[in-house]
Amino acid sequence: MTDNEQRMARAGDYVLGLMSEEERDRAEHDMERDAAFRDAVLTAAQHFHKLDLTTAPEPVPDQLWQKVSERIASLPQMQAAETAPASPSKPRVAANARPKRFGLHSLGGRGGFAIAASLAAACAIGYFGALATVTNPQPVVVVVLDTPANTPGAIFEAFADDSVRIVPLEEFTVPAGQTMQVWTLYDKAVGPVSLGTIGAKATEVRLQGPHLPLPKPEQLYEITLEPSPGSPTGKPTGPILVKGFARQPARS
Amino acid sequence: MDATSDDDLCTALLVRVARGDRASLGELFAREAGRLIAVARRILRRSDLAEEAVQDAFVAVWQRASTYDGARGSARAWLTTIVRNRALNMLRDGARLDYVDDDMLEHFGERSADAEAAYAALPDREALKQCLGQLDASRRRSILLAYVVGFTHGEIAADLKAPVGTVKAWIRRGMIALQECLS
């Protein structure tokens, strides 16, 4: 057997669940270091997952979610989290373009990676867990915003973590004492909700908005001109610079 | 809703779970628990054990969502992997299942039928189906019995009435051919 065949055979045993506990630990350890082996495992796993989708869903007992909830509530980190003060939900400009890191990721780099990997082995959870790295999610929706002249003026990408990446496509004239404010309308009953302000200069920026329901296709987004430091009423008051409706990105 | 948008929605929900949003975990559970119980039951046979596997898995998801890497596979695949591994661990943990051994033997035939049914249910356009279709029957069957119903080498050997060493070779050769076909 060539090295390549050896690797594929081993990836196969791993994905099929045919390894002993020690073999699996060793495989998960190797996946951290051996990119070719890791890719072989992930590719095979993704294809085999199609077999998992051939089942018809079965009835879920009423009390099952209750049991999950109770176990989660009794986890040590949950009790700590629930006594901690609530974090402010005020919109703010995220300094870092990456989503906020939580849990093991807050340890960062190789340290977090190694700890995640050893936890995965301890919990026998498996390879995706062992392959912890920073999540780099896809946007939930993408929006092309048009100017009143019907030319594309900006592109938004809205993410599940309530952040929005804004790419202006043209320069906007913002008079002194005014600012550009970003809005979305996810529910007509609620009205437009501010996602934050982006100042007077059009540059690429990522806003961390308030916690809202997941962005949906056809959801309205717009930028208006407002007095600094932002609309005095909490709703749009000035002229619309650009507006557009969300689309779901096509995925293969 | 098609599989792609289901995948996207699960991924979006999991990102929220990673941020400590328990309501999103509940939504994920509401959407996926029924399917995951079915996946676990193909391996464990019993509904109560399958439900236990899914319960354990969701607690694990809550604790570990921050380690999910969106670039390396869909959230649904990740979720299913956690459930499968939990179910396989329960199955291999002989002590817990001793009392159902007779039952397991009795259902041997039914289990291999499950594996064949899963293969038959794959859409024809799936690369996995096409590539599995190119393998000879004993290799294909061995691979399906391992993945779909969680058979060990020994159980596959018993089902196919072949020596364990032969079954191991079938699976290794089969998985190499399969991955070459899929790449």
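None of the values given here were measured: they were computed from a predicted structure. Lettering of chains follows the sequences in order, A, B, ..., and the numbering in each one begins at 1.
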### Task
Any chance you could lay out the side chain to side chain contact (heavy atoms under 4.5 Å, CB included) test for A/Arg71 and B/Asp56, step after step, and finish with the verdict?
CA-CA 9 Å; A/Arg71 282 177 60 186; B/Asp56 289 350; 2.7 Å; yes

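- For A/Ala40, the parts sitting under 4.5 Å from any heavy atom of chain B are the backbone and the side chain alike.
- Residue pairs meeting the side-chain hydrogen bond (donor to acceptor under 3.5 Å, both in side chains) criterion with at least one partner in residues 33-42 of chain B, sequence neighbours excluded, are A/Thr54-B/Arg42, A/Glu58-B/Arg41, B/Glu32-B/Arg35, B/Arg35-B/Thr80.
- In terms of heavy-atom proximity, A/Ala160 sits nearest to B/Ala12 at CB-O, 3.4 Å.
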### Task
Kindly indicate, with the supporting measurements, whether the criterion side chain to side chain contact (heavy atoms under 4.5 Å, CB included) is fulfilled by B/Thr11 and A/Val140.
CA-CA 9 Å; B/Thr11 304; A/Val140 181; over 6 Å; no

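- The stretch residues 2-12 of chain A places A/Glu5, A/Gln6, A/Met8, A/Ala9, A/Ala11, A/Gly12 near chain B, each with some heavy atom under 4.5 Å from a heavy atom of that chain.
- Side-chain contact between B/Arg16 and A/Asp162 is present, with at least one heavy-atom pair separated by less than 4.5 Å.
- The side chain to side chain contact (heavy atoms under 4.5 Å, CB included) with B/Ile143 is formed by just one residue from the set A/Val15, A/Leu18, A/Leu16; it is A/Leu16.
- Counting heavy atoms from C-beta on, the side chains of A/Leu51 and B/Tyr147 come closer than 4.5 Å.
- A salt bridge links A/Asp13 and B/Arg172; the closest N-O separation between the charged side-chain nitrogens and carboxylate oxygens is under 4.0 Å.
- Of the two parts of B/Ile171, only the side chain, counted from C-beta on, holds a non-hydrogen atom closer than 4.5 Å to a non-hydrogen atom of chain A.
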### Task
Using the side chain to side chain contact (heavy atoms under 4.5 Å, CB included) rule, take A/Val68 and B/Trp62 through it: C-alpha gap first, then chi angles, then the decisive distance, then the call.
CA-CA 10 Å; A/Val68 173; B/Trp62 175 255; over 6 Å; no

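- Between B/Arg84 atom CZ and A/His49 atom NE2 the span is 11.0 Å, to the nearest 0.5 Å.
- For A/Pro213, the part sitting under 4.5 Å from any heavy atom of chain B is the backbone (N, CA, C, O) and nothing else.
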